[in-house]
Structure formats: C-alpha cells, structure tokens
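Following: one structure in structure tokens, then a few remarks.
As the structure is a computational prediction, the values presented were derived from the model and not from experiment.
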Amino acid sequence: MKFGVVVFPGSNCDADVKHVLQDVVNQDTRFVWHKDPLPRALDCVVLPGGFSYGDYLRTGAIARFSPVMEGVMEFAAQGGLVLGICNGFQVLTEAGLLPGALMVNKNLKFMCKPVYLRVEHNGTPFTNALNAGDVIEVPIAHGEGNYFADPEVLEEIERNNQVVFRYCTREGVVNAQANPNGSVNNIAGLINKEGNVLGMMPHPERCSEEVIGRVDGIKVFQSIINWWQGRK
C-alpha cells in the first residue's frame with residue numbers, strides 16, 4: 001500500500017507518522033511537500049499534526065490553501081482515503097472536507113496527555129481492526145481541539161453515524177469529566193458522509209509501538225491496510 005504524508009511548514013509529526021507506516025507496519029511511504037502536486041498512485045494521504053504555518057490566522061486556515069491541497073481534495077472526491085491527525089483534522093475542516101470547526105480548548109490551555117476514546121463503530125476503513133464499544137488509550141497534544149458544529153450540522157453528523165471516536169472514561173463512559181477540551185458531544189474523531197476521510201485530534205502514531213508503552217494507535221493504521229487489502 002502506498003501512503004503519502006503531507007509536510008507543511010510547521011508540521012512536527014510527519015516523521016513520526018512516516019516511521020510508523022514505513023518501519024512498523026511496513027508500507028511504502030513518502031513525504032509530500034506542501035508546494036508539490038500530490039503524487040499519482042497513492043492509496044492513502046495523511047495530514048499530520050503540528051503547527052502548519054505557525055497556526056497564524058487560525059489553525060489550518062493557511063495550510064488549507066497550500067498547492068498540495070487541491071490534489072488532496074480531488075483525491076478525496078474520487079474516494080481516496082485521507083487521514084487528518086490533530087492539525088491535519090483542523091486542515092480538513094478548514095478545507096470543507098469535514099464538517100464543523102476546531103476551537104480553542106475550553107480551559108484555554110494546551111493539553112498534552114493520554115486520553116481514553118470509545119470506538120463508536122467499526123464499519124469504516126479506519127476502525128475495522130477494532131470493535132464498536134472498545135476503549136483505547138491515545139495521547140492528545142493540542143491547544144485548539146474543541147470540536148464545534150451548529151446544531152443542525154451536529155444532528156446530521158449523529159444521524160449519519162459519522163462520529164468515530166468520543167472522549168470517555170477508562171470504563172467507556174462518555175461524560176464531561178472525560179472531555180479534555182470541551183468538544184461538543186465529546187467528539188474526538190469523525191468521518192465524512194462517504195466514509196473515506198477521517199479527522200481525529202488524538203495522535204495514534206504516538207502509541208503504536210511497545211517500546212513507547214502503548215500500542216492502541218496501531219489499530220487505526222492496520223485498519224487502513226486491512227481495508228485496502230480487502231479492496232485488492
């Protein structure tokens with residue numbers, strides 16, 4: 001499977017994602033510079049975490065206009081898999097590939113810690129290696145991870161089962177105490193209507209190896225590979 005990891009000025013998780021894809025799950029992976037056209041024949045594009053363009057103006061707002069994004073949007077429209085992690089999630093909402101917006105954390109502080117996520121459903125290319133109701137532990141590192149959508153949009157998201165991950169307790173209870181940033185409905189990750197674009201604030205690449213103490217994140221990447229192998 002061929003992955004492309006987009007690198008914006010200010011990306012700082014690009015190497016982490018490439019390492020996991022290339023060296024842990026052994027997939028063909030390349031960096032894609034933000035000024036270059038999106039390469040042909042990719043099977044999945046990853047927009048990594050970081051601070052694209054220094055988060056000036058608004059998180060993801062400038063990166064959304066990088067030359068590579070035209071190719072990413074076309075790729076997504078044709079059904080290609082796109083994964084946006086943290087800042088990548090912010091870029092996806094700014095580009096209109098996902099609904100809603102990411103705002104400043106409710107407590108106005110940068111949050112960096114492990115959190116628990118409940119898997120809402122596993123019928124996606126990104127969660128098929130998990131079970132609905134599973135609780136996984138994945139770290140966050142963001143200052144603007146507070147997901148928001150208008151009531152009408154939120155109702156549609158919930159009706160279409162687009163919420164993939166919710167912040168929860170260790171036991172899987174979704175409540176305010178488990179919500180680190182104030183995200184509406186404890187939303188930590190969601191897909192588009194077509195199911196081929198996922199944005200998530202937590203960092204699965206930071207918990208994909210035994211050597212760093214957590215491996216729940218690897219299941220997101222393994223799900224993508226499973227889906228692609230099933231298609232082939």
Side-chain angles (χ1 to χ4, degrees), residues 13 47 49 58-60 82-94 96-195 197-208 214-221 223:
C13 298
L47 306 184
R58 190 173 60 249
T59 53
V82 179
L83 170 61
I85 302 170
C86 197
N87 188 227
F89 186 6
Q90 296 161 342
V91 175
L92 290 176
T93 59
E94 289 289 337
L97 289 174
L98 288 174
L102 282 305
M103 306 189 302
V104 174
N105 294 344
K106 188 175 181 179
N107 63 7
L108 306 182
K109 296 179 180 179
F110 184 90
M111 305 294 293
C112 185
K113 64 177 185 177
V115 298
Y116 294 104
L117 306 177
R118 189 176 74 187
V119 180
E120 295 300 278
H121 63 98
N122 64 347
T124 81
F126 309 95
T127 57
N128 58 73
L130 294 153
N131 296 309
D134 279 355
V135 175
I136 60 176
E137 187 178 11
V138 184
I140 58 170
H142 59 248
E144 298 182 52
N146 182 359
Y147 181 79
F148 175 81
D150 291 331
E152 298 80 8
V153 174
L154 187 62
E155 181 181 353
E156 183 178 19
I157 289 170
E158 296 287 2
R159 185 172 61 249
N160 293 336
N161 293 319
Q162 289 176 244
V163 179
V164 176
F165 299 113
R166 295 188 204 270
Y167 299 110
C168 68
T169 67
R170 183 194 294 265
E171 296 74 29
V173 178
V174 174
N175 57 27
Q177 289 70 38
N179 190 332
N181 50 36
S183 289
V184 64
N185 290 13
N186 282 48
I187 293 173
L190 76 157
I191 56 174
N192 61 344
K193 289 180 182 178
E194 295 74 20
V197 178
L198 170 70
M200 60 185 298
M201 286 309 297
H203 288 265
E205 79 281 4
R206 296 187 181 183
C207 57
S208 291
R214 296 184 180 89
V215 294
D216 284 347
I218 199 70
K219 297 173 184 177
V220 173
F221 301 112
S223 293

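Taking each heavy atom of P180 and V115 in turn, the nearest pair found is CG-CG1, 4.2 Å. Taking both residues in full, the closest heavy atoms of P114 and R214 are given as CG-NH2, 3.2 Å, listed atom of the first, atom of the second, then distance. Taking every heavy atom of both residues into account, A188 and P202 meet most closely at O-CD, 3.5 Å. Of all heavy-atom pairs between N87 and G60, the closest is ND2-N, 4.0 Å. Looking at every heavy atom in both residues, Q90 comes nearest to T93 through O-OG1, 2.8 Å. Closest approach of A129 to S223, counting heavy atoms only: N-OG, 2.8 Å.
No side-chain heavy atom of I140 sits under 4.5 Å from any side-chain heavy atom of H203. Contact of the R166 side chain with the N185 side chain is registered, since non-hydrogen atoms from C-beta on lie closer than 4.5 Å. The closest side-chain heavy-atom distance from V164 to L198 is below 4.5 Å. With a 4.5 Å cut-off on side-chain heavy atoms, V119 and F165 count as touching. By the 4.5 Å heavy-atom criterion applied to side chains, E158 and V163 are counted as neighbours.
Under the side-chain hydrogen bond (donor to acceptor under 3.5 Å, both in side chains) criterion, S183 pairs with N181, sequence neighbours left out.
Checking side-chain atoms of D216 against main-chain N and O of E137 turns up a donor-acceptor pair under 3.5 Å. When atom types are taken as modelled, the side chain of T124 and the backbone of T127 share a donor-acceptor pair closer than 3.5 angstrom. At distances below 3.5 Å, at least one donor-acceptor pair connects side-chain atoms of N105 with backbone N or O atoms of G145. Side chain of N160 to backbone of Q162: no donor-acceptor contact under 3.5 angstrom is found. Between the side chain of N192 and the main chain of L97, no donor-acceptor pair closer than 3.5 Å is present.
E156 and K193 are joined by a salt bridge, as a carboxylate oxygen and a charged side-chain nitrogen come within less than 4.0 angstrom of each other.
How far CD1 of I85 is from NE2 of H142: 14.0 Å, rounded to the nearest 0.5 Å. Summarising the geometry, atom CD belonging to E94 is positioned 4.0 Å from atom CZ belonging to R58; distances are rounded to the nearest 0.5 Å. For the atom pair N131 CG and H121 NE2, the distance stands at 13.5 Å (nearest 0.5 Å). To the nearest 0.5 Å, the span separating CZ on R159 from CG on L154 amounts to 10.5 Å. Separating the CD atom in E144 from the CG atom in L102 is a distance of 8.5 Å, to the nearest 0.5 Å. The distance from atom CD of E120 to atom CD1 of I191, rounded to the nearest 0.5 Å, is 11.5 Å.
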- request: Run the numbers on L92 and V197 for side-chain contact (heavy atoms from CB on, under 4.5 Å), then give the verdict.
  value: CA-CA 9 Å; L92 290 176; V197 178; 3.8 Å; yes

query: Does the pair Y116 and I136 meet the rule for a side-chain contact (heavy atoms from CB on, under 4.5 Å), with working shown?
result: CA-CA 6 Å; Y116 294 104; I136 60 176; over 6 Å; no

query: Please walk me through it: do M111 and N107 pass side-chain contact (heavy atoms from CB on, under 4.5 Å)?
result: CA-CA 9 Å; M111 305 294 293; N107 63 7; 3.2 Å; yes

message: Run Y147 and L190 through side-chain contact (heavy atoms from CB on, under 4.5 Å) and show every step you take.
response: CA-CA 10 Å; Y147 181 79; L190 76 157; 3.8 Å; yes

